[in-house]
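Beneath this line is the structure, given in structure tokens, with notes to follow.
Just so you know, these numbers use all the heavy atoms, side chains as well, and skip hydrogens, waters and symmetry mates.
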Amino acid sequence: MSENPFSYVEKDLNREASDSSLNSQEKEILEATNAAMTKPNPSLEYCTMSVEETLYKLGTDGKIGLASAEDAQKRRQYYGANEITVEDDESLVKKFLSNFVEDRLILLLMGSALLSVFLGNIDDAVSITMAIVIVVTVGFVQEYRSEKSLEALNKLVPQECHLIRGGQESHVLATNLVPGDLVHFKIGDRIPADLRIIECVDLTIDESNLTGETEPVHKSPKAISRESFNDQPNSIVPVAERTNIAYMGTLVKEGNGRGIVVGTGRETSFGTVFEMMSNIEKPKTPLQLTMDKLGKDLSLSSFVVIGLICLLGIIQGRSWLEMFQISVSLAVAAIPEGLPIIVTVTLALGVLRMAKRKAIVRRLPSVETLGSVNFICSDKTGTLTSNHMTVSKIWCLGSMANKLNVLSLDKNNNANLKNYLTEDVRNTLLCSNLCNNASYSQEHVKFLGNPTDVALLEQLPKFGLSDVRNQYTKLKELSFNSKRKMMATKIQDNEKKVTLFVKGAFEKLLEKSVSYVTDKGKVEKLTKQQKDTIIETANTLASDGLRVLAFAKKPMIDTSSKLVEDDISELTFTGLIGMNDPPRPSVKFAIEQFLQGGIHVIMITGDSENTAVNIARQIGIPVIDPKLSVLTGDKLNEMSDDQLANVIGHVTVFARATPEHKLNIVRALRKRGDVVAMTGDGVNDAPALKLADIGVSMGRMGTDVAKEASDMILTDDDFSTILTAIEEGKGIFNNIQNFLSFQLSTSIAALSLVALSTAFMLPNPLNAMQILWINILMDGPPAQSLGVEPVDHEVMKKPPRKRSDKILTPELLKRLLGTATCIILGTVYVFVKEMAEDGQVTARDTTMTFTCFVFFDMFNALACRHTTKSIFEIGFFTNKMFNLAVGLSLLGQMCAIYIPFFQSIFKTESLSVGDLLFLTLISSSVFIIDELRKYWIKRNSYKDPLRYSIV
């Protein structure tokens, strides 16, 4: 689905667009939104219809959805895909031609060409015109690539939904939905289309991204009377009052329900707003703004130097037309107007490369932040572990009163487990079955849902049992949440007998339990000694690294659909189930790499302290002293942010933690000045994900709320993917610095070369056309190919970058100034040497100087592939795009000096093989000197590794 157009402006949409606190862009957005809110769409029509009328009009069924795939396909052909795309009315030709009139420097060059025609210099006019076309084409291609890369990013996170067709539920892309489809949604889901709600349970939806109302809206299937809104224009029911409509893009905060699709794509309320806002330009990223400022600063400096060169040349009696053309050409070459575009292309291509490695970065600025992360706070289940829960052990107080007498499912085969089916075990298994929301998918031939629920259902056949939920009626459910730490279902059987079944953390259930089930099925009073035995057994199971759940039940008289938390009391304990979720094989290596690179890893889990410590040690998270390294949720509740900030540097494990605790952890770390990456997948994780510098959500198990709040999505839910993302992020930032070094050193060298020749009253070593060709090389393929240099894996050994570090570091400035000096000296030497032979400037002299500068540029690009590693270490053929770019550039240079047509344009003549060898020898000095610099850094890194980094 398309990106939320409101994501970058968090203002109250109910304010008037004329509010003085709004900037012009925000006013545009408000005006577009207000206009779109009053535009009729299908949700307006269906909100006033009853459920039966809606089903009849759309020709669908409230239980099985659309009857066939053929019916859905016909509707898709008629209504189109359920996606919002912005059609670009402007053709490529129009976009290309607009570049000629939008750039003032290009207009100056065009004026110079016309002036040349007026003065009779036709050759100059043709040459300048061709140069203009080439320069504009290079810039247009860069901008086009940037747009396409960003378009590709918007499609990286396809929204999914729970679709019911022909009575079968499946997990599909939301783009497949058509009007009439039946969709199931639950807490944490993002609504995939405009839906007419036909049934719901405790449903509230956050519509703030559409209406601006911060309070979630309570929904119901009840039809709305249009007569109640006669005071509105045309009796239109306002968007915020359509309480039986679930809008595309909104988030389910509580409850669950089903709805019929009434509007898709642009026919949704969200699509209407998006369409009206499609022409509003998005703001630039912080890194782009930094590059813009850098470009402006460099442009100002360049203009001053160019102005002085032009003035000095005219004072010396040089042709003012020649000086004007050279000045404009220098301005085009020296001012890095394409720098933000190249940065965007590099970032976007890097993000697409990350996506292939299972890490989707949703916001480009996050790439810059990745290199600064020094704390990673991670969930255990599904992220550090494999997220495939299996029931490992069962224990019941009645039949296994001794804590050592535990039924191990790992050591018994399916045939003899039936022999252990005592009444207390049967009750525990029944509770795990009925207190469960996993569903069976015919399409995937397996259970789908929460891994814990799936594991509880998968164990039933081992005891000869089956899923019996279809034989009971669920009257009410209290869902599991981080505060309650329990889930309860109110169930009615065929004899109208009502029972409350509960599962959750054993500490919570024991607080509410007063009795237990014996192995014969009798209910007896639970003594304090027996409670201690249960706690001791649970801790023993947890110390083996198992996740422990307790189960209980309670007979009820009330047959209504009412259930409140106070009803969970005076429970009858049935048993404990221990589940195993083994660590992912790749996690231990990833944690080792993080620790080597100065990144601290903290594990956050709702499991007990024993379980948490066991898993942490298995995966390599250091737990030297549990008293210092482990902090439980209860202790965390008693601490202030300042107290937590003082001790958190030693903590590596948070046990019995809730999503709310994550917010405290992030605040404490940020208070210390740390850069934090936080993982999460639930609705309650969203605040912490948003507050963290890098919020990381899970692609498979994560809710849409968590994904929306996050900066990065792991499509495989694997912690080790964060390693590849941070590695890639650091590599991208290094690449940006590398091509900055290449571009700026070339720009400084070109400016200085002309400035020096003018100051010393020497003829200009380069003409206007040659300067423009150098600009194409500087902004074109060689520079861009440096942006896709493969990531050096040793980059993870480098400590995280500080927030305050500038992109143009003192070391980078020294390097590029040194390189520029080398290029200037070498080129001036060739120019003076050639000119001294006959005492005047000939075509050969400028050709030698021009070619020397271009060769210097290519060797400089080769040197800029890595900041500190020799090309012989990283390999000549590891960046194929670079080799292709340099090869084509050299081929273009050969065309400029050997093909007669281009000779007339660039004012060049053919050179001998000996000349080329001589120029290669001179220009390679910049590469040789940089290699010596890298060798010196490497040698000194062994003496003082803290000062000199070899990465």
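- A search for ring-ring contact (aromatic ring centres under 6.0 Å, His included) contacts involving Phe872 returns Phe876, not counting sequence neighbours.
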Notebook entry, point to check: Can you list the steps and then say if Asp792 with Lys730 is a salt bridge (charged side-chain N to carboxylate O under 4.0 Å, His left out)?
Noted result: CA-CA 9 Å; Asp792 181 2; Lys730 283 187 172 184; over 6 Å; no
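- Thr847 and Glu909 form no side-chain donor-acceptor contact under 3.5 Å, judged by distance and modelled atom types alone.
- When all heavy atoms of Phe855 and Ser923 are compared, the pair lying nearest together is CB-OG, 3.2 Å.
- A pairwise comparison of heavy atoms in Ala863 and Lys934 identifies O-NZ, 2.9 Å as the closest pair.
- Checking Asn734 against Thr867 by side-chain atom types alone, no donor-acceptor pair falls below 3.5 Å.
- Under the 3.5 Å distance criterion, with hydrogens and angles disregarded, no donor-acceptor pair is assigned to the side chains of Thr849 and Glu834.
- By the 4.0 Å N-to-carboxylate-O rule, Arg865 lies close enough to Glu789 to be salt-bridged with it.
- Between the CZ atom in Arg933 and the OG atom in Ser870 there is a gap of 11.0 Å [rounded to 0.5 Å].
- Taking OG1 from Thr369 and CZ from Phe733, the interatomic distance works out to 10.0 Å, rounded to the nearest 0.5 Å.
- Between Phe859 and Phe927, the angle of the ring planes lies from 30° to 60°, which puts this pair in the tilted group.
- Between Ser912 and Asp915, the side chains place a donor N or O and an acceptor N or O closer than 3.5 Å (distance only, hydrogens not considered).
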